[in-house]
Amino acid sequence: MKKKAPNIFSKCPNLWFYLLSMGCIMVQLLFVSHQFNKFVDPEWLSHTALSDKAMLVVNSVADAMLLLTPLVLLPPKWRKWSWVVMGLVTLWCLAQFLYMPTYRDLMPLSSFFMTENMGGTLMTSIVGAIKPRILEVLMPPILLYIIYRIWLKKPMEAVKQPAKRRLLLAMAGVAAFVLIRLCATAAHQGDNEEPTTFAQQFTNDYCVMWTRQGDYMNANGAVSYLIYGGITSIFDTKTLSEEEKYQVEQYLELQPHYTDNDYATARGKNVILLVVESLNSWAVNMQIGGRDVAPTLKQLCSDSTCLVSLTMKSQVKNGRSSDGIFMYNTGLLPLNTKVVANSYSDASYPTLCKALSNYDTFYACCDEPSLWNVKNMAATYGYSSFYCKDEINEAIKRNNYLLDKTLLEEVAQIIPTRKQPFMALVATAGMHHPFDQAMEPATWVMNSGAYTHEVRCYLERVNAFDTALTRFIEQLKQQGIYDNTMIVIVSDHNEIVDDAPNGRPSIDKEGDNCAMIIINSGQQGRIAGPIGQIDIYPTLLDLLGLNSQQWKGLGHSVLRGNITSVATAPTTTAGNSTLTSRQQEAWRISDMIITSRWFDAK
């Protein structure tokens, strides 16, 4: 009988399995880095320096070697547990692929523990994000497992490795990881935006200055990112040093301290703060075949009695909608590496709602109470009543799940039952990602065939919101409430920023402009320069005659001087003015205020 020829893996099977496992993890991590970089810059491969691309590969090598330490260290009979590591890496990479289309960043470690978010709106968004590209993450471990079962399993079980050798190999892997990280740190010595020490890679003072968490992974690797995420998840509250306390106090001392109410033209009026999901400014003036997609919003923007900005820049981070609502209520910026609504919902904040101490206040949304901890955050902001999906669920069903129509109709019914003056925060959700399903029955927007299917789905929802807003305003007028009510329409954040692939005209090429439309405030005009979401809080204090409040937020009222710049992140700005450096510094100051629970002691 002819002897069966040995396969190429029969010699040194453990080494083969180690190398193949290493390649598997490297490919998965590089796919994640590529996906992130492509969201930030679709053409990144063509103009990124070769050294930066090489850094991604080097980081993946270091990460794979460290993550495979259990494979090297465990005795053969326990070697199967190395698949747990492979599975966790695969699940982490898969989570990033599902998270990035909506958030355009890596998913912070703390968000993995927000199990209460896994339902309703967010689950729909995640399901809509599932694309064939997830095979890039799934195929490497599947192929590795097939090779292992067919060619490697038996040879590996037959090979015995002494414990001393396993320990030495594991130590070599850890040493290689540290050496690569030290070399990477040395390579960045001349770059002010990079860490200058090994320890600095894992400290909050360094990480908070990153524009995105994906940038941190690009420079330092996935393991460093996970170590940092783990440390910051464990230690929520930061104790400020005396120097840091002094920096916060000095920054706040240089903030405007005016007490006049020269712009208080809405004093005593009811307030409706309407935070609109994913409202891009370019959609406001959008036309298809000469027909306005959002005629009411367009008319309001052209109304000489309204105060309008269509160049408000999004400043949200990983909390997205909850970050936008946080900024409008507190005048603080969101965190770069955590979600305020998750980690700091029980902290104290001075808020617009609390400043309106004699107002009847309520918060209405069509999300689940647990989504981004919204019910607890409503109480933290100071709203006396909270209406959410539990209360309006039946009405949503009656309206065929037209969320914005239902929500605004319900709010219109609630308002007459409240004592005046009142303040209502109304957070819509009808324009939430994904934009993959057309409305039923099909609307004129979808039937137009214009642009891509995704853009038409989005514009259908813009049109549905605009129609609901029209009816809402009519109801307020019928109730005799409209004239004595300031309505503040603001985007929670921008959406659909990839101009080239989606086929829409370049009304706003970057797609990052949000809308601010203030009705019945007594102030009017179009703000041409870029402003930030953080500037809404002090503007509303100005309009409502609340400048006796010591806390005016970290932004600047758009009514006091020409605001022509904004820091969209700690290291990125739009526009140019003398405020730019302070607007950038505000991110670090805000981080220290939130993480130290600054106002708890006040």
Side-chain angles (χ1 to χ4, degrees), residues 39-40 99-108 111 117 121-122 124-126 128-129 211-214 273-284 294 297 309-336 338-342 365-367 371-374 377 403-404 425-435 454-455 458-459 461-462 465 488-499 502 508 510-517 530-537 555 566-570 572 574 587 590:
F39 274 122
V40 175
Y99 185 86
M100 283 189 286
T102 298
Y103 296 90
R104 289 169 171 80
D105 201 355
L106 297 184
M107 183 175 178
S111 293
N117 273 8
T121 304
L122 192 59
T124 301
S125 180
I126 290 172
T211 304
R212 299 176 181 88
Q213 294 180 94
L273 179 57
L274 184 53
V275 183
V276 185
E277 174 70 43
S278 304
L279 178 59
N280 291 273
S281 287
W282 63 264
V284 172
L297 288 173
S309 170
L310 294 181
T311 53
M312 179 173 70
K313 300 296 183 180
S314 176
Q315 294 176 293
V316 301
K317 295 299 177 186
N318 296 291
R320 298 285 278 178
S321 299
S322 69
D323 285 347
I325 291 171
F326 178 73
M327 282 186 277
Y328 296 141
N329 277 277
T330 67
L332 286 163
L333 289 159
L335 297 172
N336 268 325
K338 286 187 181 179
V339 178
V340 175
N342 178 26
C365 65
C366 41
D367 290 322
L371 183 65
W372 293 121
N373 220 3
V374 62
M377 287 303 294
L403 294 180
D404 295 349
L425 189 153
V426 184
T428 75
M431 290 151 61
H432 198 284
H433 183 276
F435 310 113
E454 182 184 36
V455 172
Y458 171 71
L459 291 176
R461 301 182 198 184
V462 173
F465 166 75
V488 182
I489 302 172
V490 283
S491 313
D492 63 347
H493 53 75
N494 62 320
E495 196 56 81
I496 304 188
V497 298
D498 48 335
D499 179 60
N502 67 34
D508 165 24
E510 300 301 323
D512 61 354
N513 283 337
C514 297
M516 177 203 78
I517 306 168
I531 65 171
Q533 290 177 289
I534 197 68
D535 298 320
I536 301 301
Y537 181 85
V566 58
T568 54
T572 57
W587 284 91
S590 185

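As the structure is a prediction and not an experimental result, all values here were calculated from the model.
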Review point. Quick one: does N513's side chain get under 4.5 Å of L310's, heavy atoms only?
Key: no
Review point. Mind checking whether F435 and Y458 have parallel, tilted or perpendicular rings, split at 30° and 60°?
Key: perpendicular
Check your understanding: CE of M327 to CD of Q533: how many Å apart, nearest 0.5 Å?
Key -> 4.0 Å
Review point. Rounded to the nearest 0.5 Å, what separation is found between the OG1 atom of T428 and the CG atom of D367?
Key: 9.0 Å
**Study point:** Taking every non-hydrogen atom, the tightest pair across V490 and Y328
**Key:** CG2-CE1, 3.5 Å
Check your understanding: Roughly how far, to the nearest 0.5 Å, is the CG atom of D535 from the NZ atom of K313?
Key -> 13.0 Å
Check your understanding: Can you tell me how far the NE2 atom of H432 sits from the OG atom of S278, to the nearest 0.5 Å?
Key -> 6.5 Å
Point to revise | Short side-chain to backbone donor-acceptor contact, N494 and S314, under 3.5 Å | key: no
Study note, to complete from the structure: Residue set satisfying side-chain contact (heavy atoms from CB on, under 4.5 Å) with S590, at least two apart, ordered chain then number -> L332, L333, L554, I594
**Study point:** T568 (side chain) donor-acceptor with Q315 (main chain) under 3.5 angstrom
**Key:** no
Check your understanding: Any side-chain heavy atom of M100 within less than 4.5 Å of one from L106?
Key -> yes
Check your understanding: With a 4.5 Å heavy-atom cut-off, do K317 and L335 have their side chains touching?
Key -> no
Point to revise | Where P530 and V566 come nearest, the two heavy atoms and their spacing | key: CB-CG1, 4.1 Å
**Study point:** Test item: D323 side-chain N/O and P334 main-chain N/O as donor-acceptor pair under 3.5 Å
**Key:** no
**Study point:** Residues which pass side chain to side chain donor-acceptor pair (under 3.5 Å) with S491, listed by chain and number, not counting sequence neighbours
**Key:** none
Study note, to complete from the structure: In short, N336 meets W587 closest at the heavy-atom pair OD1-CZ3, 4.4 Å
Review point. Can you name the closest pair of heavy atoms from V316 and G324 and give their distance?
Key: CG1-N, 3.6 Å
Practice item. Search all heavy atoms of A283 against all heavy atoms of L459 and return the closest pair with its distance. Key: CB-CD2, 4.2 Å
Point to revise | Reported CD1-to-CD1 distance for the pair I536 and I531, which is rounded to 0.5 angstrom | key: 4.5 Å
Review point. Got a second to check how far E495's CD is from L279's CG, nearest 0.5 Å?
Key: 11.5 Å
Check your understanding: Any donor and acceptor pair, going by atom type alone, linking the side chain of D404 with main-chain N or O of A429 inside 3.5 Å?
Key -> yes
Study note, to complete from the structure: The side-chain contact (heavy atoms from CB on, under 4.5 Å) partners of D492 (sequence neighbours excluded) come to V275, E277, S321
